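For ligands, and for the atoms within them, numbers begin at 1 and follow the listed sequence. Nothing here was measured: the structure is a model prediction, and the numbers come from that model.
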Amino acid sequence: MALTQSEKQTLVDAANTARERAYAPYSNYHVGAALRTKTGRIYTGVNIENAAYPHTMCAERVAIFKAVSEGEKEFEVIAVATDNGGSPCGGCRQVLAEFGLDTLVLIANGEGKLLKEMTVKELLPEAFTSEHLKP
Ligand code: THU
């Protein structure tokens with residue numbers, strides 16, 4: 001699967017548009033994600049914080065959980081946008097790994113600039129997966 005620059009930019013822009021809806025009154029660090037499935041649908045997500053801090057949910061996981069809850073488990077690419085090009089946390093890497101090590105991850109800043117791209121496998125080497133649970 002080779003994405004064109006324009007397809008990548010479309011996803012980065014969708015992540016940044018979603019980012020405007022982040023609910024992050026505590027950290028003020030707004031994150032947006034846009035996940036494209038193999039069927040071509042795009043699911044967006046934002047970080048959603050909580051006064052009880054540990055109940056916060058990251059933007060990437062919101063996008064992934066929205067897709068899975070709609071019956072989509074095959075992902076192609078996820079774009080993540082933050083003010084300063086922050087990369088997905090360990091928990092989100094693990095959740096991405098659950099649905100495929102080859103998913104492409106695009107990391108962008110708040111100006112819509114694509115800064116880095118890598119696969120989930122590269123983001124989370126030696127991932128623990130369902131393979132390890134097989135007898
Ligand atoms: N956050 C994300 O949404 N995704 C990540 O991968 C890293 C962190 C959010 C969680 C919290 O609302 C804020 O960024 C600061 O940690």
Side-chain angles (χ1 to χ4, degrees):
M1 166 227 49
L3 272 89
T4 64
Q5 277 309 121
S6 132
E7 285 176 308
K8 289 177 188 174
Q9 194 61 51
T10 296
L11 272 185
V12 165
D13 292 346
N16 257 314
T17 299
R19 200 166 77 92
E20 291 167 20
R21 301 189 291 271
Y23 177 73
Y26 305 106
S27 72
N28 205 30
Y29 191 73
H30 295 204
V31 187
L35 173 71
R36 194 171 92 178
T37 63
K38 289 194 175 159
T39 61
R41 290 193 187 87
I42 294 175
Y43 295 87
T44 60
V46 298
N47 53 330
I48 303 171
E49 298 187 343
N50 193 283
Y53 296 170
H55 300 291
T56 289
M57 184 53 63
C58 291
E60 298 92 318
R61 274 180 277 175
V62 170
I64 294 164
F65 295 161
K66 279 169 70 178
V68 174
S69 68
E70 296 295 326
E72 299 248 32
K73 290 191 283 289
E74 294 192 43
F75 308 151
E76 218 167 51
V77 49
I78 185 168
V80 183
T82 61
D83 191 39
N84 58 1
S87 74
C89 76
C92 289
R93 293 176 196 208
Q94 181 65 33
V95 172
L96 278 164
E98 180 69 22
F99 298 101
L101 297 173
D102 294 326
T103 303
L104 185 65
V105 181
L106 308 176
I107 296 173
N109 68 15
E111 290 166 359
K113 186 168 164 46
L114 175 56
L115 301 173
K116 286 184 194 164
E117 57 181 272
M118 69 280 290
T119 62
V120 170
K121 200 187 301 175
E122 289 167 326
L123 262 182
L124 189 63
E126 303 294 332
F128 183 85
T129 68
S130 59
E131 287 301 309
H132 294 101
L133 297 176
K134 289 186 179 155

Would you mind reporting whether R21 and V46 have side-chain heavy atoms less than 4.5 Å apart? yes

Would you call A24 a ligand 1 contact, heavy-atom distance under 4.0 Å? no

E111 atom CD: more than 12 heavy-atom contacts under 6.0 Å: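 Atom CD in E111 is not packed in, count stays at 12 or less.
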
Show the numbers, then the answer: is there a side chain to side chain contact (heavy atoms under 4.5 Å, CB included) between D102 and K121? CA-CA 6 Å; D102 294 326; K121 200 187 301 175; 3.3 Å; yes

At what distance is the nearest protein heavy atom to [atom], and which residue and atom is it?
{"atom": "atom 7 (C) of ligand 1", "answer": "C89 CB, 3.9 Å"}
{"atom": "atom 8 (C) of ligand 1", "answer": "C58 SG, 4.0 Å"}
{"atom": "atom 3 (O) of ligand 1", "answer": "A59 N, 3.0 Å"}
{"atom": "atom 9 (C) of ligand 1", "answer": "N47 ND2, 3.6 Å"}
{"atom": "atom 10 (C) of ligand 1", "answer": "T56 CG2, 4.0 Å"}

If you take the nearest heavy atom of each of R19, E49, E60, H30, which one is closest to atom 5 (C) of ligand 1? E60

Presence of salt bridge, E7 and R36, under 4.0 angstrom: yes

Under-4.0 Å salt bridge between E117 and K8: yes

S27 heavy atoms within 4.0 Å reach ligand 1 at atoms 13 (C), 15 (C)

Just which atoms of ligand 1 are under 4.0 Å from any heavy atom in P88? 6 (O)

Could you go through the side chain to side chain contact (heavy atoms under 4.5 Å, CB included) check for L96 and I64 one step at a time? CA-CA 8 Å; L96 278 164; I64 294 164; 3.6 Å; yes

Counting only heavy atoms on the protein side, is anything nearer than 4.0 Å to atom 14 (O) of ligand 1?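 It does: a protein heavy atom is found less than 4.0 Å away from atom 14 (O) of ligand 1.
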
Which word best sums up how the rings of F128 and H132 line up, parallel for under 30°, tilted for 30 to 60°, or perpendicular for over 60°? parallel

